[in-house]
Amino acid sequence: MEEIPMDPYDFRDIESRWKPHWQRLGLYLTGTEAGKRPFYCLDFFPYPSGAGLSVGHCKNYVPTDVISRKRKMEGYNVLHPMGWDAFGQPTEEYAIRTGIHPSLVTRKHTDTYRRQMKLIEAGYDWEREIDSSDPSYYRWTQHFFLLLFDRGLAYQDESDIWWCPECKIVLSNEEAAGGQCWRCEKDVTRKRMNQWYFRITSYADRLLDDLEGLDWPEGIKAMQRNWIGRSEGARLTFMVGAPDGQDLPMPVYTTRVDTIYGATFCVISPEHPLVGRITTRDRMAEVAAYIEGARLKSNRERMAASEKQKTGVFTGAFAINPYSGERVPVWVADYVLMDYGTGAIMAVPAHDERDHQFARSYGIPIIEVVAPGGVPQGVEEKATVADGVLINSGPFDGLGSDRARARMTAFAEEKGFGTREVNYRIHDWMVSRQRYWGAPIPIIHCERCGAVPDRNLPVVLPEVDSYEPDDTGRSPLARVEAWLRTKCPECGGPARRDTNTMAGFACSSWYFLRFASPHEEDRPFDPEAVRYWLPVDLYVGGAEHAVMHLIYARFWTKVMYDAGLVSFTEPFSVLRNQGMILGADGQKMSKSKGNVVTPDEMVERYGADALRLYILFIGPFGADLAWNEEGIAGTFRFLRRLWRLCLESGAAGGEAEEGDRRDPELAFHLASTLRKVSEDMDGFQFNTAVAALMEFVNFLVSRSAGLEGNSGLRETLKQLLVLMAPMTPFISEELWHRLGFAESDEDSVHLQPWPLWREQDLALERMEMVVQVAGKVRARMSVPSGSTEEEIRGAALAQERIVELLGGREPARVIVVPGRLVNIIPGR
RNA sequence: GCGAGAGUGGCGGAAUCGGCAGACGCGCCAGAUUUAGGAUCUGGUGGGGAGACCUGUGGGGGUUCGAGUCCCCCCUCUCGCACCA
């Protein structure tokens, strides 16, 4: 018999054939069928950089694509959109260097991203594509700015803000976390400037409390709690004697009022306005030098230095402890921060490690006032931080820390020198940027009327000659005289536009709403569409936005809720973070390290299906893993094995015949694979889902010779192809058609319902069990399913090897776990 | 220091309502096949032992018929935050 040579697996041919077909079918258009439940699957809003996508980005886009496809097959209307967070610096920097307009640069970059996303067949509904730098989008970003403004949540203030000398841009606290610029990782410095802020602090409690109900990674929730940093304590006023004879109030914030009788000094931040007024003449020079030294140090130098040794200088002034009436020295030290609490503290060296370290350095007395469990611990060597029973605390002696705090705060309120206070680490969101490539802040400054909203939106970015910010930190917009000069909308008098643009995080704080109805012209979104699709059912992206985008978007959503614009208070019900794909060298992929792998080269060599499958298979979804090209070769081999299996054994099948018997083993393996793959995909365990598919194909290959022509095999292959369709769309479609499963040319494997397993197929007639003696496996046996424990026990004891090992002894004990094992404990 | 998570073959990783450790893949070894091919096929692959077996999930204790999984102590690593009063 002569073998007819089979077509080889030619992924290029297959890809080029099905792409236009699916395009015609409108496979990726958003579901609109009445009566179906919605599923909104969203990827983090990407910033289109010039480098294009690496395979690392695919670790985000392939899994969301797989889930979206599966949900569609399960009968959901699916919304899976894509768009561009296009405003931002790198584009602007590029424009500065080349003179090419940022919008053209953006266009070039987004074209690349879109092309690459199509290359890996990420099934986005491109009819809903949005671009945050397009006036049709940013007019609504401006609209929401005004919503915040109107609600008293946007304001201007002059204060010290973070400045990145490298990027030449101001940064919000979130963007400067850890003293480093979020984009270039260089140290940030301080600069005093007038800026726009959003009052996110007035939402701090809600942002904290609502974390509770979110299905988000614990780590992200913890980071947000930490960032919000709510603490409960008291604000207490110490009176400080100034050299001019006046008594000046110096409020301090503390969470440990209970330790106040142990306050042996006070510390005030070098930036504190009071420093200049309370320092005595003889201390002036030393204090001034210290302040200057602190100012010149970068924040991180300051932190690093004082970790080793805390420094400070005495101001010469004394403060009065409002409880004890005691007079304590006031020091200036840079371990006290100006932007937390009141910028001044009462220092209790006995019960605070930092104060302890400082007191030891400068020989300040340490007085123990809290005894944990009623037993004084001794505090000369080490501070006691735990709560306990108050001692040396006058009328409050004997109280527990908890009751003491309540009692002592009440006392302060009664006497008028203090009050209960809640403090937060989070600060208001500094949102203005002195940059060109952003959404202009729609405010007009009028000498008569002040800051007036410009409701004539959009305020379009004017054309400029150069995009560079100038040395004073002024925006390039400040140089466009014709644009700058305008009329006050209130009084009609001459006025000037605000020259700031908004940080990119403003644009991404509402984009998930725009996708619900991206073409609305008269409003940011259609409330009906938003009601149907939102909140987002599944949100996937990297962990690096924990306290930036994810907290800002939550804030805007709550503001919109308060304004009655949306009916939910949280935008993202379920959040998952994908891990990173590192270069083959285990390092972060970067151009400079030369270890970047692009989807382009992988698709060229192995095809989109093999790449997608390897991305899913490489390891756990959330883990950081090194790229390995041998690995993708493995998934490629797997696909070829599938190809051969289907065309060799499946094609011969034909229609089911009456006489075909169901093969119970085949049915069992199919059912358990369907179950395993379905459950693993829902649980984001794509790696084990792929492993189960490989295992099943291995099984089929080993059995296929015996099953050729059996309609059970054909039915099995049919279901297998449907099961694989979300992961490997091309080969699944091709084989589906080749095996003749399509009802018409317009049919598609992607339009099939998600396959369900039959519970009864999982029940086998016999079960394999292990027989242990003293916990060690000594024999294997097969018993009928549904055997009683007694029967299993009998069968186990009758095993030849077991009889031999027992050598006539009676078993002392026999443990039977049906379906698993029998453990025999021999008698002596 | 605080918070989150993790330590399993040569490698990525499976298996945690306690029940055959190492699924699946890579790599490696042997064989088959091909003129050659990122090819394919078959078998093997934690360590020790010729073998029956012994041993093995960061280390040490414990609970249990049985522990990678539960409890106690210790060590290491990754990530995030870090003088927040």
Side-chain angles (χ1 to χ4, degrees), chain A residues 8 177-179 217-223 225-227 229-231 233 252-256 259 267 269 302-307 310 333-337 339-348 351-355 357-358 385 423-426 543-544 546-547 577 579 605-606 613-614 617-620 622-638 640-641 644 676 685 687-698 701 768-780 801 804-805 811-817 819-826:
Chain A
E218 268 315 308
I220 300 284
K221 292 210 258 184
M223 277 188 240
R225 283 192 197 102
N226 198 320
W227 187 258
R230 185 190 149 98
S231 82
V252 303
Y253 174 73
T254 181
T255 54
R256 295 297 303 271
T259 64
V267 184
S269 164
R302 204 160 133 171
M303 271 160 32
S306 56
E307 210 163 279
K310 300 213 182 320
D334 64 4
Y335 81 91
V336 171
L337 308 174
D339 58 8
Y340 183 78
T342 63
I345 61 160
M346 64 174 208
V348 184
H351 304 292
D352 181 285
E353 281 163 15
R354 298 152 301 181
D355 298 343
Q357 207 190 332
F358 192 85
V385 183
N423 243 300
Y424 302 91
R425 292 182 51 194
I426 192 170
E544 65 276 8
V547 293
N577 300 128
R605 239 176 288 173
Y606 302 99
L613 201 60
Y614 181 55
F617 184 62
I618 185 168
D624 293 344
L625 298 156
W627 181 258
N628 171 13
E629 191 164 338
E630 310 283 1
I632 187 172
T635 56
F636 178 74
R637 275 197 289 276
F638 165 71
R640 197 155 44 191
R641 202 149 73 243
R644 221 171 333 106
K676 173 85 176 147
Q685 299 183 289
N687 56 331
T688 49
V690 175
L693 288 172
M694 290 175 164
E695 214 173 339
F696 187 49
V697 168
N698 289 347
V701 167
E768 303 301 317
M769 287 183 61
V770 158
V771 185
Q772 299 180 333
V773 175
K776 298 206 156 86
V777 180
R778 299 299 185 200
R780 288 160 198 285
R801 181 85 189 109
E804 203 178 304
L805 280 166
R813 201 174 156 191
V814 179
I815 292 112
V816 177
V817 185
R820 297 231 190 239
L821 52 70
V822 179
N823 190 8
I824 297 161
I825 315 304

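Chain letters run A, B, ... following the sequence lines, proteins first, then strands; residues in each count from 1. The structure displayed is predicted, hence computed values, not measured ones.
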Point to revise | Listed partners of A:Asp339 passing side chain to side chain contact (heavy atoms under 4.5 Å, CB included), at least two apart | key: A:Arg190, A:Leu337, A:His427
Exercise for review: Hey, which sits more toward the 5' end of RNA chain B by its nearest nucleotide, A:Glu353 or A:Gly343?
Suggested key: A:Glu353
Review point. Can you tell me how far C1' in B:G13 sits from the matching atom in B:C17, rounded to whole Å?
Key: 24 Å
Revision key, fill the gap. In terms of heavy-atom contacts, A:Phe638 and A:Met694 come closest through CE1-CA, 3.5 Å
Revision key, fill the gap. On RNA chain B, more 5' by nearest nucleotide between A:Tyr424 and A:Arg801 is A:Arg801
Exercise for review: Represent RNA chain B in dot-bracket notation, 5' to 3'. Only Watson-Crick or G-U wobble pairs with both distances under 3.5 Å count; pseudoknot-style crossings use [ ] and interstrand partners use |.
Suggested key: (((((((..(((......[....)))((((((.......))))))(((....)))..(((((..]....))))))))))))....
Revision key, fill the gap. To the nearest angstrom, the CD-C1' distance between A:Glu218 and B:C2 comes to 16 Å
Exercise for review: Go through the structure and list residues passing side chain to side chain contact (heavy atoms under 4.5 Å, CB included) with A:Asn628, not counting sequence neighbours.
Suggested key: A:Tyr614, A:Glu630
Review point. Who passes salt bridge (Lys or Arg N to Asp or Glu O under 4.0 Å) against A:Asp352, sequence neighbours left out?
Key: A:Arg354
**Study point:** C1' spacing across the pair B:G22 / B:C73, given as an integer number of angstrom
**Key:** 28 Å
**Study point:** Separation between the P atoms of B:A23 and B:C77, rounded to whole Å
**Key:** 30 Å
Review point. Whole-Å distance between B:G5 C1' and A:Lys221 NZ?
Key: 16 Å
**Study point:** Residues in salt bridge (Lys or Arg N to Asp or Glu O under 4.0 Å) contact with A:Arg256, at least two apart in sequence or another chain
**Key:** A:Asp258, A:Asp387
**Study point:** Partners passing salt bridge (Lys or Arg N to Asp or Glu O under 4.0 Å) against A:Arg230 (at least two apart in sequence or in another chain)
**Key:** A:Asp205, A:Glu232
Review point. Quantified in whole Å, what is the C1' atom distance between nucleotide B:C28 and nucleotide B:G12?
Key: 16 Å
Point to revise | Integer-rounded Å distance: B:G12 C1' and A:Ile618 CD1 | key: 8 Å
Review point. So, is A:Arg640 close to the B:U40 phosphate, meaning a side-chain N or O under 4.0 Å from OP1 or OP2?
Key: yes
Review point. Between atom CZ in A:Arg225 and atom P in B:C2, what is the gap in whole Å?
Key: 18 Å
Do any N or O atoms of the protein come closer than 3.5 Å to N or O atoms of nucleotides 77-81 of chain B, and which pairs are they?
from, atom 1, to, atom 2, distance (Å)
B:C81, O2', A:Asn226, OD1, 3.3

Review point. Mind checking what makes side-chain hydrogen bond (donor to acceptor under 3.5 Å, both in side chains) contact with A:Glu629, not counting sequence neighbours?
Key: A:Arg605, A:Tyr606
Check your understanding: For A:Lys776 and B:U55, is the shortest distance between a side-chain N/O and OP1 or OP2 below 4.0 Å?
Key -> yes
Check your understanding: Taking atom types as modelled, is there a side-chain donor on A:Ser231 or A:Tyr340 under 3.5 Å from an acceptor on the other?
Key -> yes
Review point. What is the glycosidic conformation of B:G9: syn, defined as within 90° of 0, or anti?
Key: syn
**Study point:** Pairwise P distance, B:C53 and B:G18 [rounded to whole Å]
**Key:** 29 Å
Point to revise | Partners passing side chain to side chain contact (heavy atoms under 4.5 Å, CB included) against A:Val817 (at least two apart in sequence or in another chain) | key: A:Ile815, A:Arg820, A:Leu821
Point to revise | P spacing across the pair B:G5 / B:C72, given as an integer number of angstrom | key: 16 Å
Point to revise | Between B:A30 and B:C24 - C1' atom distance, rounded Å | key: 23 Å
Revision key, fill the gap. Whether each nucleotide of nucleotides 19-35 of chain B has a protein heavy atom under 4.0 Å at its base (B), only at its sugar-phosphate (S) or at neither (-) is summarised, 5' to 3', as BB--BBSSS--------
Exercise for review: Anything under 30° is parallel, anything over 60° is perpendicular, the rest tilted; go ahead and classify A:Tyr335 against A:Phe358.
Suggested key: tilted
Check your understanding: For A:Arg644 and B:A39, what is the distance between atoms CZ and P respectively, to the nearest whole Å?
Key -> 13 Å
**Study point:** B:A14 to B:C2 separation - C1' atoms, rounded to the nearest Å
**Key:** 33 Å
Exercise for review: Taking side chain to side chain contact (heavy atoms under 4.5 Å, CB included) as the test, write out the residues that go with A:Glu804, two or more places apart.
Suggested key: A:Arg801
Practice item. Could you state the atom-to-atom distance from CD of A:Glu629 to P of B:G12 in whole Å? Key: 19 Å
Practice item. Please name the pair of heavy atoms, one in A:Lys676 and one in A:Ala692, separated by the smallest distance, quoted to 0.1 Å. Key: CG-CB, 3.5 Å
Check your understanding: Looking across every strand, which nucleic acid part, if any, lies under 4.0 Å from A:Arg230 by heavy atom: base, sugar-phosphate, or nothing?
Key -> nothing
Practice item. Have a look at A:Pro217 and say if it touches a base, only the backbone sugar-phosphate, or nothing, with a 4.0 Å heavy-atom cut-off. Key: nothing
Check your understanding: Hey, does the side chain of A:Tyr253 come within less than 4.0 Å of B:A85's phosphate (OP1/OP2), counting only N and O?
Key -> no
Revision key, fill the gap. Salt bridge (Lys or Arg N to Asp or Glu O under 4.0 Å) filter on A:Glu544, not counting sequence neighbours, yields none
Review point. Quick one: is B:A85 close enough that its OP1 or OP2 comes under 4.0 Å of any side-chain N or O from A:Arg256?
Key: no
